[in-house]
Enquirer: 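The following block contains the structure, expressed as structure tokens.
In what follows, chains are A, B, ... by sequence order, proteins preceding strands, each numbered from 1. Computed from a prediction, not measured in an experiment: that's the story for all the values here.
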Amino acid sequence: MRFSNFFIPTTKEVPKDTVIKSHEYLTRGGYISQVSAGIYNFLPLGHKVLGKIKDIVRDELNKAGALEITLGFVTPHELWVESGRASKYGKELLRFKDRKNKEYLLGPTHEEMIVNLVRGKVKSYKNLPINLYQINTKFRDEARARFGLIRGREFVMKDGYSFHESKEDLDREFDLMEKTYSKIFKKLELDFRIVEADSGAIGGSGSKEFMALSDIGEDTIVICDSCDYGANIETSSRQRREISEKNESSLSLFSTPNMSSIDDVSNFLKIHPSNVLKAVVKKAIFEDKEEIVCFFLRGDDELQEVKATNAINADDIVDVNEEEIKNANLEAGFIGPVILKDSKFSDDDENTIGDMKFKSLNKLEIKYIFDIDLKDREDEVFVCGANKKDFHIVGMPLNKIPDITYKDLTTSKESDKCKCGGSYLHKKGIEIGHIFKLNDKYSLPMKANFLDKNGKTQPFIMGTYGIGVSRLISAISEQKSDEKGLIWGKTSSPFDVQIIVSDIKCENILNKANEIYNQLINDGFDVLIDDRKERFGFKMKDFELIGCPIGIIVGQDVDNGEVSFVDRVSLEKRSVRLDDVISEIKEQAK
RNA sequence: CGGAGUGUAGCGCAGCCUGGUUAGCGCACCUGGUUUGGGACCAGGGGGUCGGAGGUUCGAAUCCUCUCACUCCGACCA
């Protein structure tokens, strides 16, 4: 491709609204341009990179036996009603009506569409398994698009769906997709981790995310410093804690005026925060009701909301305000698992520890859940709120509190221990892929069934597999660029080689450059030749911004039979004999 | 959806507080010339009605009201 005939509008100036380098360079390099919040045009360079990535994805998936299709981008609303997601998905769905007043929406993901397709065409176990995928535009009306292609509203995604007659066969396909995804991301030269991810209310035995490591990533992942454990912080679990400083007070009520924080209390009583029970009150939202739930954890642990939501099987949990706490008969800042005998107390259901009379929160119809780390801690007693203003209970044994449910509720910290004995580290990641076992989550409500070997009707067992294709452009850019511009790998670069003609007015130089260009084209390389009437420095800056891995500078040295090769990563130049150019490129760019 | 901010030429910005000539600068663009291995220089030139609507005023980019868009922080994110 001749630069002079191509469309690469590069700019020297930094666009106003870019905050991360991938966004800046992709914009300045003429790869993308913004249309609206989270909606981008792909210019020729961006389009080429997108194409390269699509080819790699397609190639590996086809090798793994998946079949490419294209599903409609506009999807009938009724399918979403059928699956139950029309109401659940909410404002992210961009809905509209056609001239006949029929409701549609732009597909944010295509489970409904694929189930609708397959249920009508596949009726027998003999046609299973089948894995269908597409690489297509998606639309999600994100509340807040940001960071260029990292979180767009309109984006390109590869979404695949597999159908099986058994969970065992789904497991096999799931593993195959995990391996296939790894190959794809390795080919793209990405530094990534496969981590356990939240399976949410869908349950099932597996959900794994592929995270490109990057400081600007929106997800936090927990990895072990000595084994290959990795998990999204939403789901990461840790080894049971070793508590060295145990509190041994006997049970009593302590006046703790105005000490409502963990720090206040632990400083005042001179105990370690891990010996204080932290109460986190939330409002749990269910399909048909809302209720106040109290989560208890160690004072130096943090509630992980995704885990908490899953622990009580809620659709969502939200913060409560002071009034809601009051209405629940709780004392903000002094909340504990028991209510002491006082005016609100009837004599029913009371318990006694020593001379203290109490009843538990669940007698007030407040559900409480304890963190799993508190289970089987008979050798410890805790400080907790007394549900009475300015009072805490000291020396509270947990085994005296009735009906405790223990669940994993905490956010893994960097100091926490892995099962293998190693220590956890937190990293930021960009989610570039997600594979998920759906089982019959969609086939059941959408009545997508087949006949098994015994002639019995069964719902399809499904898996779903996604790759953020346009997001990958940003992920690669974030990982590989430097302070001068983009740096592409061999597989993702828009061109294999960029030839920089130092001075097009010098016939000898231009001719030699064209000769090399034509030879490389004939040998099947994708080459950009900068034949613009610009000065040398200007062209070099553009080369560095655009980021092709190899540059060939054709300049004065052609008279001595030489050109210069520039390595985009190191920016080092070295002389190469004209006769050796083709063979060297074949060696380097293969 | 809460908080903050920004809309003036293709891009980046000044002007606004304290209304008053043809709205200015840099980059980019066009013409001519000189330069030519690290975003050149000189001269000339084209392009905006100041996000939109309404209002105040003799007069509005500038003051007021409403509105739209975009960005950032947070909430949200199969």
Enquirer: Distance check, P atoms only: B/C27 and B/G54, in whole angstrom units.
Expert: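 Each nucleotide's P atom is 38 Å from the other's.
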Enquirer: Any donor-acceptor pair, under 3.5 Å, between the side chain of A/R144 and the base of B/C1, if you only look at N and O atoms?
Expert: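 Counting by modelled atom types and ignoring angles, no donor-acceptor contact under 3.5 Å is found here.
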Enquirer: Classify every nucleotide of nucleotides 34-39 of chain B by which part a protein heavy atom approaches to under 4.0 Å, writing B for the base, S for the sugar-phosphate alone and - for neither, in 5'-to-3' order.
Expert: -BBBBB
Enquirer: Take atom CG of A/D17 and atom P of B/C11, then tell me their distance rounded to the nearest Å.
Expert: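 Nearest whole value for this atom pair: 11 Å.
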Enquirer: Below 6.0 angstrom between ring centroids: does that apply to A/Y40 and A/H23?
Expert: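 Close enough - the centres of the two rings lie under 6.0 Å apart.
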Enquirer: Could you state the atom-to-atom distance from CD1 of A/I8 to P of B/G10 in whole Å?
Expert: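 Taking CD1 of A/I8 and P of B/G10, I get 23 Å after rounding.
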Enquirer: Would you mind classifying the nucleic acid contact of A/V318 as base, sugar-phosphate or nothing, using non-hydrogen atoms under 4.0 angstrom?
Expert: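 Contact class for A/V318: none.
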Enquirer: Does any nucleotide pair with B/U56 by Watson-Crick or G-U wobble geometry, both distances under 3.5 Å, and what is it?
Expert: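 Because no pair has both required distances under 3.5 Å, B/U56 counts as unpaired.
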Enquirer: Who does B/U22 pair with, Watson-Crick or G-U, both distances under 3.5 Å?
Expert: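 The answer is none; no pair meets the criterion.
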Enquirer: Of all the nucleotides listed (B/A78, B/C72, B/C77), which has the minimum atom distance to the side chain of A/R85?
Expert: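 Minimum distance to the A/R85 side chain belongs to B/A78.
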Enquirer: Using the C1' atom as the point on both nucleotides, what is the distance between B/C63 and B/G24, in whole Å?
Expert: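 Those two atoms are separated by 22 Å.
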Enquirer: For A/F295, is the NZ or CZ atom of A/K282 found under 6.0 angstrom from the centre of its six-membered ring and inside 45 degrees of the ring axis?
Expert: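 No cation-pi geometry.
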Enquirer: Are A/K138 and A/F155 in a cation-pi setup, meaning NZ or CZ lies under 6.0 angstrom from the ring centre and within 45 degrees of the ring axis?
Expert: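 No, A/K138 does not sit over the ring of A/F155.
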Enquirer: Return the value, rounded to whole Å, for the distance between atom CD of A/E13 and atom P of B/C25.
Expert: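 After rounding, the gap between these two atoms is 16 Å.
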Enquirer: Expressed as a whole number of angstroms, how long is the span from A/F139:CZ to B/C77:C1'?
Expert: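 Answer to the nearest Å: 14 Å.
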Enquirer: What is the pairing partner of B/C16, taking Watson-Crick or G-U wobble pairs with both distances under 3.5 Å in any strand?
Expert: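 B/C16 is unpaired by these criteria.
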Enquirer: Using purine N1 to pyrimidine N3 plus N6-O4 or O6-N4 for Watson-Crick, or N1-O2 and O6-N3 for G-U wobble, each under 3.5 Å, what pairs with B/U49?
Expert: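 WC or wobble partner does not exist here.
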Enquirer: Within the 4.0 Å heavy-atom criterion, would you say A/T18 contacts the bases, only the backbone, or no part of the nucleic acid?
Expert: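 The residue A/T18 makes no contact with any strand.
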Enquirer: When you look at A/Y25 and A/W488, which way does the ring-ring contact (aromatic ring centres under 6.0 Å, His included) test go after all the steps?
Expert: CA-CA 12 Å; A/Y25 294 150; A/W488 299 104; over 10 Å; no
Enquirer: Students often get this wrong, so: under 4.0 angstrom with heavy atoms, is A/E92 touching a base, only sugar-phosphate, or nothing?
Expert: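 If one applies the 4.0 Å heavy-atom cut-off, A/E92 turns out to touch the sugar-phosphate alone, with no base involved.
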Enquirer: May I ask you to say what A/A143 touches in the nucleic acid, namely base, sugar-phosphate or nothing, with a heavy-atom cut-off under 4.0 Å?
Expert: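 A/A143: base contact, heavy atoms under 4.0 Å.
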Enquirer: Please measure how far the P atom in B/U22 lies from the corresponding atom in B/A69, and state the result in whole Å.
Expert: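 Rounded to whole Å, the distance is 35 Å.
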Enquirer: Say we look at B/G44 and B/C72: how far apart would their P atoms be, to the nearest angstrom?
Expert: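 Rounded to whole Å, the distance is 42 Å.
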Enquirer: More than 12 foreign heavy atoms under 6.0 Å from NZ of A/K407: is that the case here?
Expert: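 Result for NZ/A/K407: open.
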Enquirer: Suppose we define a pair by two distances each less than 3.5 Å, Watson-Crick or G-U wobble; what does B/G32 pair with here?
Expert: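 Checking every strand shown, B/G32 finds its partner in B/C42, with both distances under 3.5 Å.
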Enquirer: On a whole-Å scale, what distance lies between the P atoms belonging to B/C17 and B/U21?
Expert: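 Approximately 13 Å lies between the P atom of B/C17 and that of B/U21.
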Enquirer: Among A/L438, A/D171, A/L170, exactly one meets side-chain contact (heavy atoms from CB on, under 4.5 Å) together with A/I461. Which residue is that?
Expert: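 For A/I461, the side-chain contact (heavy atoms from CB on, under 4.5 Å) check succeeds only for A/L170.
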Enquirer: Roughly how far apart, to the nearest Å, are B/U8 and B/G15 at atom P?
Expert: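 One P to the other, the span is 14 Å.
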Enquirer: Taking for each residue the nucleotide of RNA chain B with the nearest heavy atom, is it A/G466 or A/P15 whose nucleotide lies nearer the 5' end?
Expert: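 Looking at the nearest nucleotide for each, A/P15 comes out on the 5' side.
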Enquirer: B/U31 and B/G46: how far apart are their C1' atoms, nearest whole angstrom?
Expert: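 Going atom to atom, C1' in each nucleotide, I get 11 Å.
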Enquirer: Please give the nucleotide sitting opposite B/U6 as a Watson-Crick or G-U wobble pair, both distances under 3.5 Å, or none.
Expert: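 B/A69 is the nucleotide pairing with B/U6.
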Enquirer: Need to verify one output field. Residue with the more 5' nearest nucleotide on RNA chain B, A/H23 or A/R146?
Expert: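 Its nucleotide being nearer the 5' end, the pick is A/H23.
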Enquirer: Please determine whether a side-chain nitrogen of the Lys or Arg among A/E196 and A/K208 lies less than 4.0 Å from a carboxylate oxygen of the Asp or Glu.
Expert: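 Looking at A/E196 and A/K208, the cut-off is not met.
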Enquirer: Atom CD of A/Q34 and atom C1' of B/G10: how far apart are they, to the nearest Å?
Expert: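 These atoms are roughly 16 Å apart.
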Enquirer: Nearest to the A/K16 side chain among B/U6, B/C72, B/C70, which nucleotide is it?
Expert: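 Closest nucleotide among those given: B/U6.
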Enquirer: Under a 3.5 Å cut-off for both distances, is B/C1 Watson-Crick or wobble paired, and to whom?
Expert: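 Partner of B/C1: B/G74.
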Enquirer: Show the atom names and distances, to 0.1 Å, of all donor-acceptor pairs under 3.5 Å that link a side chain in residues 467-480 of chain A to residues at least two apart or in another chain.
Expert:
| from | atom 1 | to | atom 2 | distance (Å) |
| --- | --- | --- | --- | --- |
| A/S470 | OG | A/V156 | N | 2.8 |
| A/S470 | OG | A/V156 | O | 3.4 |
| A/R471 | NE | A/I150 | O | 2.8 |
| A/R471 | NH1 | A/E431 | O | 2.7 |
| A/R471 | NH2 | A/I150 | O | 3.1 |
| A/S477 | OG | A/I473 | O | 2.6 |
| A/E478 | OE2 | A/S22 | N | 2.9 |
| A/E478 | OE2 | A/S22 | OG | 2.8 |
| A/Q479 | OE1 | A/D191 | N | 2.8 |
| A/Q479 | NE2 | A/D191 | O | 2.8 |
| A/Q479 | NE2 | A/L213 | O | 2.8 |
| A/K480 | NZ | A/E189 | OE1 | 3.0 |

Enquirer: Flag this pair as yes if the NZ/CZ of A/K289 is under 6.0 angstrom from the six-membered ring centre of A/F286 and inside a 45 degree cone about the axis; otherwise no.
Expert: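 Verdict for A/F286: a cation-pi partner in A/K289.
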Enquirer: If you measure from the C1' atom in B/A14 to the same atom in B/C77, how many Å do you get, rounded?
Expert: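 Pairwise C1' distance, B/A14 against B/C77, rounds to 40 Å.
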Enquirer: A/D141 and salt bridge (charged side-chain N to carboxylate O under 4.0 Å, His left out): which single residue from A/R153, A/K91, A/R95 fits?
Expert: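 Testing A/D141 for a salt bridge (charged side-chain N to carboxylate O under 4.0 Å, His left out) against A/R153, A/K91, A/R95 leaves exactly one candidate, A/R153.
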Enquirer: For A/E142 and B/C1, what is the distance between atoms CD and P respectively, to the nearest whole Å?
Expert: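 The distance from CD of A/E142 to P of B/C1 comes to 15 Å, rounded to the nearest Å.
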Enquirer: Using whole Å, what does the distance between atom P of nucleotide B/A78 and atom OH of A/Y442 come to?
Expert: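 To the nearest whole Å, that distance equals 10 Å.
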Enquirer: Given atom CZ of A/F147 and atom P of B/C77, what is their separation to the nearest angstrom?
Expert: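 Answer to the nearest Å: 18 Å.
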